[in-house]
Asker: 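Quick one: the structure is below, questions incoming.
Heavy-atom basis, side chains included; hydrogens, waters and symmetry copies ignored. Computed from a prediction, not measured in an experiment: that's the story for all the values here.
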Amino acid sequence: QVQLVESGGGLVQAGGSLRLSCAASGRSFSSYGMGWFRQAPGKEREFVAAISWSRGSTYYADSVKGRFTISTDNAKQMAYLQMNSLKPEDTAVYYCAADFSGGGSTVQYAYDYWGQGTQVTVSS
């Protein structure tokens, strides 16, 4: 079992930056992939970024490629999402999730555990 707790959300102006953090506990952090998803009001939850268990492969949604960076610190059991050049359309609740298959999938059903989410609001 894994517990995930996100933090770092908030209100930022367009063009600004935020770094989201996800603290993991339970199963060995280096044994599973991590992902970030988001859900905007009235929309379905969508994939944002993922990293494989080896931390050697990363994946991004086209809408965030070049602006967002996913990373991990295995020693601290932390995952991060650095978000730069934020746009109003990035406004959403952001969730981190653990993928026990290890690959760092882009699809929600591949993930085994989810955090509670953290709100990101980008003003224009």
Asker: Run the numbers on Tyr60 and Ile70 for side chain to side chain contact (heavy atoms under 4.5 Å, CB included), then give the verdict.
Answerer: CA-CA 9 Å; Tyr60 296 94; Ile70 187 171; 3.4 Å; yes
Asker: Could you check Gln82 against Ser71 for side chain to side chain contact (heavy atoms under 4.5 Å, CB included), going step by step and ending with a plain yes or no?
Answerer: CA-CA 8 Å; Gln82 178 66 44; Ser71 63; over 6 Å; no
Asker: For Thr118, does its backbone N or O pair with a side-chain atom of Glu6 as donor and acceptor, under 3.5 Å?
Answerer: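 No; judged by distance alone, with no hydrogens or angles, the pair does not exist.
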Asker: Mind checking the CZ-OH spacing from Arg27 to Tyr32? Nearest 0.5 Å is all I need.
Answerer: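 Arg27 atom CZ to Tyr32 atom OH measures 8.0 Å (nearest 0.5 Å).
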Asker: Please report the closest heavy-atom contact between Ser17 and Ser85, naming both atoms and the distance.
Answerer: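 Smallest heavy-atom distance, with atoms named: OG-N, 4.3 Å.
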Asker: Mind listing the closest non-hydrogen atom pair of Gly9 and Leu20 along with its distance?
Answerer: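 Residues Gly9 and Leu20, closest heavy atoms: N-CD2, 3.6 Å.
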Asker: For residues Leu4 and Ala97, report the shortest heavy-atom separation together with the two atoms involved.
Answerer: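 For Leu4 and Ala97, the tightest heavy-atom pair comes out as CD1-CA, 3.7 Å.
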Asker: For atom NZ of Lys65, decide whether the heavy atoms of other residues, nucleotides or ligands shown that lie under 6.0 angstrom number more than 12.
Answerer: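 Yes, because the 6.0 Å sphere around NZ of Lys65 holds more than 12 heavy atoms from other groups.
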Asker: Where do Ala50 and Gly104 come nearest, in terms of heavy atoms and distance?
Answerer: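 Shortest heavy-atom separation between Ala50 and Gly104 comes out as CB-O, 3.4 Å.
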Asker: Hydrophobic clusters here meaning ILVMFWY residues chained together by side-chain heavy-atom distances under 4.5 Å, can you tell me if Val93 and Tyr80 are in one?
Answerer: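 Result: no, two separate clusters.
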Asker: Looking at Ser101 and Asp99, what are the two nearest heavy atoms and their distance?
Answerer: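 Where Ser101 meets Asp99 most closely, the heavy atoms are OG-OD1, 2.6 Å.
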Asker: Keeping the roles fixed (side chain from Ser30, backbone from Asn74), state whether a donor-acceptor pair exists under 3.5 Å.
Answerer: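 Between the backbone of Asn74 and the side chain of Ser30 there is no qualifying donor-acceptor contact (under 3.5 Å).
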Asker: Hey, does the side chain of Asp73 reach the backbone of Met78 with a donor-acceptor pair shorter than 3.5 angstrom?
Answerer: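 No, because the side chain of Asp73 does not come within donor-acceptor range (under 3.5 Å) of the backbone of Met78.
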Asker: Check the pair Arg38 / Glu46 against side chain to side chain contact (heavy atoms under 4.5 Å, CB included), numbers first and verdict last.
Answerer: CA-CA 5 Å; Arg38 67 186 182 187; Glu46 64 177 5; 2.6 Å; yes
Asker: Just one of Trp114, Tyr109, Tyr95 clears the ring pair (Phe, Tyr, Trp, His ring centres under 6.0 Å) bar with Phe37, so which one?
Answerer: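 So, applying the ring pair (Phe, Tyr, Trp, His ring centres under 6.0 Å) to Phe37 and each of Trp114, Tyr109, Tyr95, only Trp114 qualifies.
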Asker: Please give me the minimum heavy-atom distance between Arg45 and Gln108, naming the atom from each residue.
Answerer: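 Distance-wise, the nearest heavy atoms are O-NE2, 2.7 Å.
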Asker: Given 3.5 Å as the limit, does a donor-acceptor pair link the side chain of Ser52 with the main chain of Gly33, or not?
Answerer: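 No, Ser52 side chain to Gly33 backbone: no donor-acceptor pair under 3.5 Å.
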Asker: Report yes if the side chains of Val120 and Met83 come closer than 4.5 Å at any heavy-atom pair, otherwise no.
Answerer: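 They are in contact (side-chain heavy atoms under 4.5 Å apart), so the answer is yes.
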Asker: Any chance the rings of Trp36 and Phe68 have centres within less than 6.0 Å?
Answerer: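 No, too far apart.
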Asker: Could you tell me whether the side chain of Leu86 reaches within less than 4.5 Å of the side chain of Gln13, counting heavy atoms only?
Answerer: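 Side chain of Gln13 against side chain of Leu86, heavy atoms only: no contact under 4.5 Å found.
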